[in-house]
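Below, chain A is the first sequence line, B the second, and so on; all start at residue 1.
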Amino acid sequence: MPELPEVESVARALRSSLTGRRATGLVVRWAGILEPTPRAVRRASVGRVLSGVHRRGKYLVLTFTGDDGAVGHVMLHLRMSGQLLFEPDDAPDKHTHLIWDFEGRPLHYRDVRKFGRWTVVDDAVNPTAMAHVGPDMLEVRFAEWNKRVAHRKAPWKSVLLDQGVASGIGNIYADEALFRAGVHPLKTPEGTSPEKRRAVWNAAKGVLRLAVKHGGTTFLDFKDFHGKPGNFRRKLRVFQRDGEACGRCGVVIQRVVVGGRSTHYCPACQP
DNA sequence: GAATACCTGAGC
DNA sequence: GCTCAGGTATTC
């Protein structure tokens, strides 16, 4: 579930609670999460101090520095259901796959669907493994983003979800951004005026920023670092509101499938 | 692009 | 029992 705002909330929590602390142990309960191997992840991190947390789109890179100056980088992607819980009240359950120890303080990684990955990578900011990931949606300027989308013939919905164009938008915020911009999800960037493209860029950044401010959106199981849900859900205008009246115009919100993803829009506000 | 694969759980 | 789910990589 986690999209850019949810991952940003995780990044901030890691920075404030764990940077400067040493990873003193790692219990692996489901090894498929760790790439290329559990041993490699352990070697990159355990015994070293967490010295940096970088985020680009939905990706995090944690940097660990040893007393000898050696450095390891571990890229983390939560995919659909990954959660990081710091000093949780709940005991580990069958979905708790990793238990990190930071000098006596436990950090649990839970992931019901086991899609998330922790991968040893070669750099904090531009790892080879992220070569196909575009600039962060909150960072990219309009001129650069416009260059990347202008000639695309795929539906807007698919282009917003393409992490190679710009990274961070997922299914929820793609629908919300297009609603706010007043653009139909099946229209294409190529067939959209530059002014309207700017409106999409602006709406995407706006909704992401607002969601960051509200701690993200909780649908199924997003929990923040301290086990609390995000409270942006009540701000959603179209996502999973098909069949309801649009809050702006009263017309019934529709659901269609675009690129295999469920897509929600108001046919009147998004012509 | 579309289908499929990776997984488990919720809801019907 | 079947369909769907906030993501992404891979394969026609």
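Set against dT8(C), dT8(B), dA5(C), the side chain of V112(A) has dT8(B) as its closest nucleotide. Which of dA5(C), dG7(C), dG1(B) sits closest to the side chain of A154(A) comes down to dG1(B).
Across residues 159-170 of chain A, Q163(A), G170(A) each have a non-hydrogen atom less than 4.0 Å from an atom of DNA chain C (numbered order). Residues from residues 113-121 of chain A with heavy atoms under 4.0 angstrom of DNA chain B, sorted by number: R113(A), K114(A), F115(A).
Spacing between atom CG of L60(A) and atom P of dG7(C) amounts to 15 Å, rounded to whole angstrom units. For the pair I33(A) CD1 and dC7(B) P, the computed distance is 10 Å after rounding to whole Å. Atom pair H95(A):NE2 and dC6(B):P shows a separation of 19 Å (rounding to whole Å applied). Protein atom CD1 of I172(A) is 18 Å distant from nucleotide atom P of dC4(C), rounded to whole Å. M80(A) places its CE atom 14 Å from the C1' atom of dA9(C), with the value rounded to the nearest Å. Here dG1(B) presents its P atom at 16 Å from CZ of R261(A), a figure rounded to the nearest Å. For the pair Q83(A) CD and dG7(C) P, the interatomic distance rounds to 16 Å; values are reported in whole Å. dT8(C) atom P lies 13 Å from atom CG of D111(A), rounded to whole Å.
A heavy-atom distance below 4.5 Å is found between the side chains of N171(A) and F239(A). Here the side chains of L84(A) and H108(A) are not in contact, with every heavy-atom distance at 4.5 Å or above. L60(A) places a side-chain heavy atom less than 4.5 Å from the side chain of V7(A). Residues L76(A) and R117(A) have side chains not in contact (no heavy-atom distance under 4.5 Å, counting atoms from C-beta outward). A heavy-atom distance below 4.5 Å is not found between the side chains of R42(A) and R39(A). Counting heavy atoms from C-beta outward, L18(A) and V53(A) have side chains that stay 4.5 Å or more apart. Using a 4.5 Å cut-off on side-chain heavy atoms (C-beta onward), D101(A) and L26(A) make no contact.
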Where do N or O atoms of nucleotides 10-12 of chain C meet protein N or O atoms at under 3.5 Å, pair by pair?
none

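Side-chain nitrogen and oxygen atoms of H77(A) include at least one within less than 4.0 Å of the OP1 or OP2 phosphate oxygen of dT8(C). Between S262(A) and dA5(C) there is a side-chain N or O to OP1 or OP2 distance below 4.0 Å.
Nucleotides dT8(C) and dG9(B) place their P atoms 22 Å apart, quoted to the nearest Å.
By the 6.0 Å and 45° rule, R21(A) does not stack over the aromatic ring of F102(A).
Screening residues 261-271 of chain A for side chain to side chain donor-acceptor pair (under 3.5 Å), with sequence neighbours left out, gives K157(A)-T263(A), D175(A)-H264(A). Within the structure, every pair that satisfies the side chain to side chain donor-acceptor pair (under 3.5 Å) test and touches residues 120-145 of chain A, not counting sequence neighbours, is listed here: R55(A)-D136(A), R56(A)-N126(A), D122(A)-T128(A), E144(A)-R148(A).
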Could you give me the CA-CA distance, side-chain angles and deciding distance for E103(A) and R22(A), then say whether salt bridge (Lys or Arg N to Asp or Glu O under 4.0 Å) is met?
CA-CA 6 Å; E103(A) 302 169 57; R22(A) 190 178 305 270; 5.5 Å; no
Derivation and outcome, salt bridge (Lys or Arg N to Asp or Glu O under 4.0 Å), residues R79(A) and D111(A)
CA-CA 9 Å; R79(A) 297 284 185 101; D111(A) 189 346; over 6 Å; no
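Interatomic distance, I169(A) CD1 to K58(A) NZ, rounded to the nearest 0.5 Å: 8.5 Å. How far CH2 of W156(A) is from NZ of K196(A): 10.5 Å, rounded to the nearest 0.5 Å. For the atom pair L161(A) CG and Y173(A) OH, the distance stands at 13.5 Å (nearest 0.5 Å).
Consecutive pairing runs in DNA chain B reach the stem threshold at B:1-6 with C:7-12, B:8-12 with C:1-5, where a stem means at least three Watson-Crick or G-U wobble pairs with distances under 3.5 Å.
Ranked by how close their nearest DNA chain C nucleotide is to the 5' end, R255(A) and K58(A) are led by R255(A).
Across all strands, S158(A) comes closer than 4.0 Å to no nucleic acid atom at all (heavy-atom distances). Within 4.0 Å (heavy atoms only), K94(A) reaches sugar-phosphate atoms of the nucleic acid but no base atom.
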